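One structure is given here, and the rest of the page talks about it.
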Amino acid sequence: MLFKGHTAEEALAKVHETLGSSAIVVQLKRVPSAGVGRIWGAMEIEAWAQAPAPAPAERGAKPTKLRRTSAESGTMDLLKSWGLGAASTRIIQQSLPASTSELNSQEACLQLGGALLAAWDKAASRIPNTARRIALIGAAGTGKSVATAKWLTIETLRHQQNCRVWCLDGIVANSSEFLIQHAELLGIQVETTWNPALPSCSREFLDLPGWTPSDRDVSDRMANLLDRFEPDCLLLTLNAAYETAILQEQVRAFEDLRPHGLLLTHLDECASPTKVWDLVLGHGIAPMATSGGRFIPGGFEQTGGEFWMERLFAQI
Ligand SMILES: Nc1nc2c(ncn2[C@@H]2O[C@H](COP(=O)(O)OP(=O)(O)OP(=O)(O)O)[C@@H](O)[C@H]2O)c(=O)[nH]1
Ligand SMILES: [Mg+2]
């Protein structure tokens with residue numbers, strides 16, 4: 001049966017009211033609100049639940065019971081089974097409402113799912129709904145130009161947007177010839193020097209070579225180019241196949257530029273939901289898009305919190 005609520009707790013209360021406290025929640029999903037709230041993008045929680053299996057018919061047999069455990073140890077066990085880092089586990093724990101009542105594993109799952117989605121929403125709040133001036137930044141070789149080529153192909157061919165790409169040099173030259181060739185093939189305007197006098201297009205992409213923020217000269221040059229471009233969507237591009245510690249170091253290194261979100265590449269090599277959640281929870285920054293594979297425009301997706309929550313649940 002389907003139950004809806006504005007929050008996970010509200011949906012769960014309805015499940016219990018109708019099916020009893022041992023009801024099994026089989027899926028938790030966030031969907032656009034059915035009411036007038038849809039107009040301003042309000043969301044609600046859908047919980048698919050079923051009644052517990054009937055007790056065995058034999059005389060004297062004890063009814064099957066879901067394992068009930070204290071609220072804290074139930075959620076802790078689940079969090080540990082997901083393999084999240086210690087900082088993420090602590091952050092989620094702190095965000096849970098204090099409860100002394102016992103939870104079965106479905107209730108603990110539902111409570112954690114609500115906490116994860118809330119953390120994602122908070123982290124993603126700076127990502128624009130419609131990105132018009134997109135700049136991908138990050139360390140060298142993380143896949144910025146390939147992802148830019150994929151994104152602008154989708155905007156041009158699928159969404160029929162009028163696009164321009166700026167391929168600008170840092171202190172070292174930008175070696176993204178394949179991006180320029182690809183854009184020209186699609187009839188997209190390519191600019192290799194900054195010219196603010198050009199009329200704006202409905203989608204503009206800025207492609208910069210990668211750099212290391214500890215190099216102050218290069219960083220100043222890049223910050224200057226970004227100031228001129230004024231992106232409404234500045235995404236830090238990370239190679240998701242790197243170790244979590246390296247990804248976290250790169251997030252810290254680029255945080256002065258206040259990226260609105262992340263773009264994760266190399267999803268074809270590694271698509272660990274644990275890594276994604278450690279970034280979202282530990283650094284308060286969420287992926288806006290992912291890119292998997294070197295071939296254009298394949299494997300470019302805009303995924304949200306529900307997708308990564310389901311991936312996390314699936315690995316239990
Ligand atoms: N397997 C795989 N390879 C990728 C992916 N994205 C990029 N690559 C490869 O990684 C290398 C670097 O990709 P680029 O897009 O040029 O990286 P970049 O961040 O623009 O590099 P710089 O501009 O030099 O900083 C190339 O050989 C790409 O083909 C991906 O998602 N999966
Ligand atoms: Mg590049």
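Just so it is clear, the values below take in all heavy atoms, side chains as well, and ignore hydrogens, waters and symmetry mates. Predicted model only: the values in this text are computed from it and were never measured. Counting starts at 1 for both ligands and their atoms, in listed order.
The closest non-hydrogen atom to atom 15 (O) of ligand 1, taken over I296, L264, V146, comes from V146.
Protein heavy atoms are found less than 4.0 angstrom from atom 4 (C) of ligand 1. Distance check on atom 26 (C) of ligand 1: every protein heavy atom falls at or beyond the 4.0 Å cut-off.
Residue-to-ligand polar distances keep F178 apart from ligand 1: every N/O pair is separated by 3.5 Å or more. Note: no N/O pair closer than 3.5 Å links S175 and ligand 1 by distance alone. Of the polar atoms of S145, at least one N or O is found under 3.5 Å from an N or O of ligand 1, judged by distance alone. Considering backbone and side-chain N/O atoms, A147 never comes within less than 3.5 Å of an N/O atom of ligand 1. The distance criterion of under 3.5 Å between nitrogen or oxygen atoms is not met by P209 with respect to ligand 1. Annotation: A140 places no N or O atom under 3.5 Å from an N or O atom of ligand 1; distance criterion only. Residue contacts with ligand 1: K150 is placed with no nitrogen or oxygen under 3.5 Å of a nitrogen or oxygen of the ligand (distance criterion only). On a distance-only criterion, D207 and ligand 1 share no N/O pair closer than 3.5 Å.
In this structure, the side chains of V251 and L238 come closer than 4.5 Å at one or more pairs of heavy atoms. For the pair W277 and M309, the minimum side-chain heavy-atom distance is below 4.5 Å.
For ligand 1, the atoms sitting less than 4.0 Å from at least one non-hydrogen atom of K144 are 15 (O), 17 (O), 18 (P), 19 (O), 20 (O), 21 (O), 22 (P), 25 (O), numbered in the order shown with element in parentheses. Counting atoms of ligand 1 from 1 in the listed order, those under 4.0 Å from a heavy atom of G292 are 31 (O). Atoms of ligand 1 lying under 4.0 Å from any heavy atom of G293, numbered from 1 in the order shown and given with element: 5 (C), 30 (C), 31 (O), 32 (N). The distance from ligand 1 to the heavy atoms of D268 drops below 4.0 Å at these ligand atoms: 1 (N), 2 (C), 30 (C), 31 (O), 32 (N).
A pairwise comparison of heavy atoms in L236 and P259 identifies N-CB, 4.0 Å as the closest pair.
Between the side chain of K150 and the backbone N or O of G298, at least one donor-acceptor pair lies under 3.5 Å.
The side chain to side chain donor-acceptor pair (under 3.5 Å) search around D215 returns none, not counting sequence neighbours. Evaluation of the salt bridge (Lys or Arg N to Asp or Glu O under 4.0 Å) rule for D121 yields R30 as partners, not counting sequence neighbours. R221 meets the salt bridge (Lys or Arg N to Asp or Glu O under 4.0 Å) test with no other residue; sequence neighbours excluded.
The distance from the CH2 atom of W308 to the CG atom of L116 is 13.5 Å, given to the nearest 0.5 Å. Atom CG of residue L152 and atom CD1 of residue I134 lie 9.0 Å apart, to the nearest 0.5 angstrom. For the atom pair CZ of R164 and OG of S202, the computed distance is 10.0 Å after rounding to the nearest 0.5 Å. Atom-to-atom distance recorded for E204:CD and D232:CG is 10.0 Å, nearest 0.5 angstrom.
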Just do the side chain to side chain contact (heavy atoms under 4.5 Å, CB included) check on L208 and L226 with the steps written out, would you? CA-CA 10 Å; L208 296 172; L226 288 168; 4.2 Å; yes
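Ligand 1 has no atom lying under 4.0 Å from any heavy atom of S176.
The Mg ion (ligand 2) has S145 OG as its protein N, O or S neighbours under 2.8 Å.
There is no side-chain donor-acceptor pair under 3.5 Å between T244 and D278.
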